[in-house]
Enquirer: 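Here it is, the structure, as structure tokens.
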Amino acid sequence: MDDEQHDPAPAEPADGDPWATVERLYAWLDSHNRQPPQAALLLRMLKLSEEVGEVAQAVIGATGQNPRKGTTHSWDDVRAELCDVIVTAMVALRTLTPDAAAVLTDHLRRVDERSTTGAAPKTVAP
């Protein structure tokens, strides 16, 4: 056996719950972080913009909207990029709070209530 460090193989989420995987990704990213904490936090949030840009690139490529390049992506590529956005957002949320699953569950419940009750979104007075 060599002395190189190897990252463990990713484990499947237990019972279909992705948060155990998100926790491992969060820990793995933190173990490889070389930035001061505040910079690492901001860069992790900015990673979302990069991933959203990759969704846009894949949609443009799947629809062949760049005449110079033609069709460069598939809708499977778009789906994969959307998944990257979701995973990146989950890790970013975990970076902000160890209770990420509860925060998302509570927020999703409120969004669902608004959509089913027809309640207008809350506005903040100027």
Side-chain angles (χ1 to χ4, degrees):
M1 177 177 251
D2 60 31
D3 291 330
E4 290 181 36
Q5 258 189 332
H6 296 282
D7 291 325
E12 291 296 318
D15 300 324
D17 179 12
W19 289 104
T21 301
V22 168
E23 189 65 33
R24 282 191 299 278
L25 290 170
Y26 164 78
W28 176 75
L29 286 169
D30 273 4
S31 74
H32 289 80
N33 178 46
R34 302 295 177 253
Q35 301 293 323
Q38 189 67 20
L41 173 68
L42 295 175
L43 290 168
R44 200 158 295 168
M45 300 306 135
L46 288 175
K47 180 71 175 165
L48 278 166
S49 292
E50 177 189 6
E51 295 297 343
V52 169
E54 290 176 10
V55 170
Q57 181 181 20
V59 169
I60 290 167
T63 57
Q65 290 303 301
N66 184 336
R68 186 174 53 82
K69 294 181 179 180
T71 302
T72 59
H73 291 74
S74 69
W75 288 104
D76 283 340
D77 294 326
V78 175
R79 285 186 278 275
E81 295 299 345
L82 286 169
C83 288
D84 285 348
V85 169
I86 293 166
V87 170
T88 302
M90 291 173 79
V91 172
L93 182 59
R94 171 55 187 92
T95 301
L96 290 174
T97 178
D99 297 327
V103 169
L104 179 60
T105 298
D106 187 51
H107 185 78
L108 189 57
R109 179 190 50 75
R110 289 192 311 271
V111 169
D112 185 47
E113 285 175 1
R114 285 194 311 261
S115 70
T116 58
T117 63
K122 294 179 185 176
T123 57
V124 178

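We use all heavy atoms of the structure for the numbers below, so side chains are in, but hydrogens, waters and symmetry mates are not.
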Enquirer: Side-chain heavy atoms nearer than 4.5 Å, only ILVMFWY residues, links allowed to pass through others: does that put V59 and V52 together?
Expert: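 They do share one cluster, since a chain of ILVMFWY contacts under 4.5 Å joins V59 to V52.
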
Enquirer: For K47 and L43, run side-chain contact (heavy atoms from CB on, under 4.5 Å): C-alpha distance rounded to whole Å, both residues' side-chain angles, the deciding distance at 0.1 Å, then the answer.
Expert: CA-CA 6 Å; K47 180 71 175 165; L43 290 168; over 6 Å; no

Enquirer: Which distance, rounded to the nearest 0.5 Å, do you find between the CD of Q65 and the OG1 of T71?
Expert: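 Spacing of CD (Q65) from OG1 (T71) equals 9.0 Å.
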
Enquirer: Going through the distances and angles, do R44 and L41 end up as a side-chain contact (heavy atoms from CB on, under 4.5 Å)?
Expert: CA-CA 5 Å; R44 200 158 295 168; L41 173 68; 5.7 Å; no

Enquirer: List the atom of A62, the atom of V78, and the distance in Å for their closest heavy-atom pair.
Expert: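 Reported closest heavy-atom pair: CB-CG2, 4.2 Å.
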
Enquirer: Among D84, D77, L82, which residue meets the side chain to side chain contact (heavy atoms under 4.5 Å, CB included) test with V55?
Expert: L82

Enquirer: Please round to the nearest 0.5 Å and tell me the distance separating atom NZ of K69 and atom CD of Q57.
Expert: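 With rounding to 0.5 Å, NZ (K69) is 6.0 Å from CD (Q57).
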
Enquirer: Take M45 and L96, measure what side-chain contact (heavy atoms from CB on, under 4.5 Å) needs, and give me the verdict at the end.
Expert: CA-CA 10 Å; M45 300 306 135; L96 290 174; 3.8 Å; yes

Enquirer: Give the minimum heavy-atom separation between R94 and E23, together with the two atoms involved.
Expert: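 Answer, listing the atom of R94 first, then E23: NE-OE1, 2.7 Å.
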
Enquirer: Any salt bridge linking R79 with D76? Criterion: basic side-chain nitrogen under 4.0 Å from a carboxylate oxygen.
Expert: yes

Enquirer: Would you check if the side chain of S31 reaches a backbone N or O of W28 as a donor-acceptor pair within less than 3.5 Å?
Expert: yes

Enquirer: Quick one: CG on N33 to OG1 on T95, what's the gap to the nearest 0.5 Å?
Expert: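 Atom-to-atom, N33:CG and T95:OG1 are 9.5 Å apart.
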
Enquirer: Identify the two heavy atoms, one from I60 and one from N66, that lie closest to each other, and give their separation to 0.1 Å.
Expert: CG2-N, 4.1 Å

Enquirer: Atom CG of L104 and atom OG1 of T97: how far apart are they, to the nearest 0.5 Å?
Expert: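 The distance works out to 11.5 Å.
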
Enquirer: Apply side-chain contact (heavy atoms from CB on, under 4.5 Å) to residues W19 and M90 and explain how you reach the verdict.
Expert: CA-CA 8 Å; W19 289 104; M90 291 173 79; 3.5 Å; yes

Enquirer: Should L93 and L42 be regarded as members of a common hydrophobic cluster, given that ILVMFWY residues are connected when their side-chain heavy atoms come within less than 4.5 Å of each other, either directly or indirectly?
Expert: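 Unlinked, L93 and L42 end up in two clusters.
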
Enquirer: Decide whether V22 and I86 are clustered together by the hydrophobic rule: side chain heavy atoms of Ile, Leu, Val, Met, Phe, Trp, Tyr closer than 4.5 Å, transitively.
Expert: yes

